[in-house]
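Counting starts at 1 for both ligands and their atoms, following the listed order.
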Amino acid sequence: MTLVAGVDSSTQSTKVLLVDAETGEIVDSGRAPHPDGTECPPEAWWEALQEAGKGLLERAEAVAVAGQQHGMVALDADDRVVRPALLWNDTRSAPQAERLTAEHGGPEAWAADTGLVLAASFTATKLAWMAEHEPENAAKTVSVMLPHDWLTMKLRGASAAEATTDRSDASGTGYWSPHTGAYVPERLVQAFGRELALPRVAAPDETVGRTPWGAIVAPGTGDNAGAALGLGLGPGDVAVSLGTSGTVFGVADVPANDPTGIVAGFADATGRFLPLVCTLNAARVLDTFRTLLGVDHAEFDALALAAAPGAGGLTLLPYLDGERTPARPNATGVLSGLTTGATRADLARAAVEGMLAAQADGLAAMTAQGMETRRVLLIGGAAASQAVRRIAPTVFGVDVEVPPPAEYVALGAAKQAAWALSGRPTPPQWKHGDTERLTGSAAAGSPGTAVEQYSTLRDETSSWASHR
Ligand SMILES: Nc1ncnc2c1ncn2[C@@H]1O[C@H](COP(=O)(O)OP(=O)(O)O)[C@@H](O)[C@H]1O
Ligand SMILES: O=C(CO)[C@@H](O)[C@H](O)COP(=O)(O)O
C-alpha cells in the first residue's frame, strides 16, 4: 500500500493523517495542540507537527501541509523568525487596513487588484502594522511567508530563498492577484514601505522538494482550500466550516470580485477559485458558553436542544473576539433579551443560534455574489455538535449535509500529496461514506426566527462606537 500524509496546522492544533494513496482510506492519525492566542512562535507549530506526526510521517511517500491562512511569518537575513507570527484572528492591524484602503485607491481598486478588500486578517495589513509599530523588527525583515509555507520549508530543510507557497494561500495576502496569478509588488510596497522576498508560487500538483527520509513534498495549501479539496467540492456545493473561524466557501471558475469585502476572492488548491466568507467567531463561542454553564459538549447540546427556537427571545451577537464579517474588529459579544424567565437552556440555544446566524449571513453573501447553493456541507470541530447539526437547517433555511466525521483539511493535504506523487493530471477521486442529511422547517429570515432576532440586533448595534 502506498501511503501519503496530510497535515492540517490550524489555529488550535496540528492534525496529521496517514492515508492510502489509492483509496483515501485513513490508516492512522495524530494530533497535538497549539498555544492559545492571536500570535504564535512558528517553532511551536513545528514542535506540534513533530508530535502529531510521530510514527506517521516517516511511513509516507509524499507529504503536504495545509495551514491556517494569512499569518505573518517574518524572517531575517539568516532565515530566523523575527517575531511571533501574527495570526489571521489578530485584529490589531485594523487601523492599517483602513488606512491602506483609503490611501491607495479604495475598496474597488484593492478588490480588482488582489481579490480582497483589506481587513485586519490579511497579511499585508500585518506587515503595515509591524512597519509602524516595530521599526526594529521591520528593519531586520528580509522575507515574509505564511504558516504553511514556513512549515513546508522546514519539512524540506530548505532556505527562505527556496521557499514555496501555493495559489490559495498567496491569495490571502493582499499582494497577489487571482486574475493574473502573480504577486502585485506595488501592493506589498504600499503595505510595508519596501520590497520583501516572497515564496515562489508553486503549481497545484508540483513536487517542491523532499523530506530527509526521501518522501516528496507537495506545495501544501491554505486550510479552507485544503478542506475544499478533501471534500471534493463540486458545482453547487457550499461548505460551512465551524472551527475557530466560521467559513462559508465553494469552488468557482472565476475569482470573486466583491468590493464590499464580504466575499474574499481566494484561489483554490486545484487551479480554480474559492470565494469565501469568514467570521472570527465560531466553535469558540460554544466553548465560552459551555464553560460558563459548566457543562461538557454532550450536556451543552442537550441544553440547547431543550430550549425552544428563538431561545425565549434571548439573542447573542457572537462577536466575542472582534469580528471580520461584519467588519467590526473592536466589537465584543452582545446578549440581548435577558429576562428573569431566561434558562440555562435558553443561554445554550442563543449561543448556537447566534453563531449559526452569523454563518447564514455568509451564505446570503455567497448567493449575492452569484454562487449557486445546491448543497450545504457542514464540517469543522463544531460540526460534531448534535445541537449545531439539528439547529443549522432551521437557521440556514435549507437542508444541511454532514459528511462522515473526518479532518477534511488534512485529508485535502493528503490528496494533494497523492496527486503530486501520481503524476496524473487531476487529483485522485476518493470516496467518502454517505453524508447525513438534516432537514429544517423554519425559513431563514422569516419573522421570529433566530436569523431575524440576530439581524435586528446586528443592525441596531452597528451605530455603537464600540462596534464600528
Ligand atoms: N462535540 C463538539 N461540540 C462543539 N464543539 C466541538 C465539539 N468537538 C470539538 N469542538 C470544538 O471544535 C474546535 C476545534 O475545531 P477545529 O476545526 O479543529 O478548529 P481549528 O481548525 O480552528 O483549529 C474547538 O473549539 C472544540 O471545542
Ligand atoms: O482567516 C481565515 C480564512 O480567511 C481562517 O479560516 C483561517 O484560515 C483559520 O482557520 P481555522 O484554523 O479556524 O480552521
Side-chain angles (χ1 to χ4, degrees), residues 7-15 31-36 38 40 45 48 52 66-71 86-91 115-116 119-123 125-126 146-148 168-169 171-174 221-228 239-249 261-267 274-291 295-305 320-321 323-325 348 351-352 355-356 359 362 378-392 402 405-410 412:
V7 178
D8 174 12
S9 178
S10 67
T11 311
Q12 296 189 40
S13 63
T14 298
K15 305 126 193 178
R31 185 185 199 105
H34 292 170
D36 209 2
T38 62
C40 182
W45 303 325
Q68 54 175 312
Q69 294 186 250
H70 318 303
L86 290 181
L87 306 189
W88 63 278
N89 54 354
D90 189 290
T91 55
L116 309 176
S121 288
F122 302 136
T123 326
T125 71
K126 299 177 189 304
L146 301 169
H148 111 257
S168 77
D169 239 2
S171 68
T173 57
T221 187
D223 56 0
N224 294 293
V240 177
S241 171
L242 302 173
T244 310
S245 63
T247 54
V248 179
F249 55 91
I262 297 174
V263 180
F266 294 155
L274 193 81
L276 180 145
V277 181
C278 177
T279 64
L280 299 191
N281 298 281
R284 277 185 167 155
V285 175
L286 309 190
D287 290 340
T288 301
F289 279 76
R290 190 169 53 75
T291 306
V295 291
D296 64 18
H297 287 303
E299 291 164 336
F300 179 84
D301 285 350
L303 276 174
L305 290 169
L320 306 194
D321 291 326
E323 192 43 87
R324 166 163 146 197
T325 312
V352 175
M355 186 274 283
L356 288 171
Q359 313 310 316
L378 203 58
I379 58 163
S385 157
Q386 284 306 322
V388 167
R389 289 171 178 222
R390 301 250 310 266
I391 296 171
V402 186
E407 295 295 344
Y408 284 96
V409 176

Does any N or O atom in D301 lie less than 3.5 angstrom from one in ligand 1, N or O only? no
Regarding ligand 1, does R290 bring an N or O atom to under 3.5 Å of one of the ligand's N or O atoms?
no
Numbered in order shown, the ligand 2 atoms found under 4.0 Å of a heavy atom of F266 are 4 (O)
For S10, is at least one N or O under 3.5 Å away from an N or O on ligand 1? yes
So for R324 against ligand 2, with non-hydrogen atoms under 4.0 Å, the contacting part is side chain
Do any N/O atoms on D287 end up under 3.5 angstrom from N/O atoms on ligand 1? yes
>> Are any of the N/O atoms on T244, whether in the backbone or the side chain, positioned under 3.5 angstrom from an N/O atom of ligand 1?
In response: yes
So for Q12 against ligand 2, with non-hydrogen atoms under 4.0 Å, the contacting part is neither
Nearest heavy atom to atom 14 (O) of ligand 2, choosing from T279, D223, T244, belongs to D223
To atom 1 (N) of ligand 1, the nearest of S13, A282, G380, A384 on a heavy-atom basis is A384
Q: Answer with yes or no whether Q68 contacts ligand 1, where contact means a heavy atom under 4.0 Å from a ligand atom.
A: no
- Short N/O distance, under 3.5 Å, between R284 and ligand 1? no
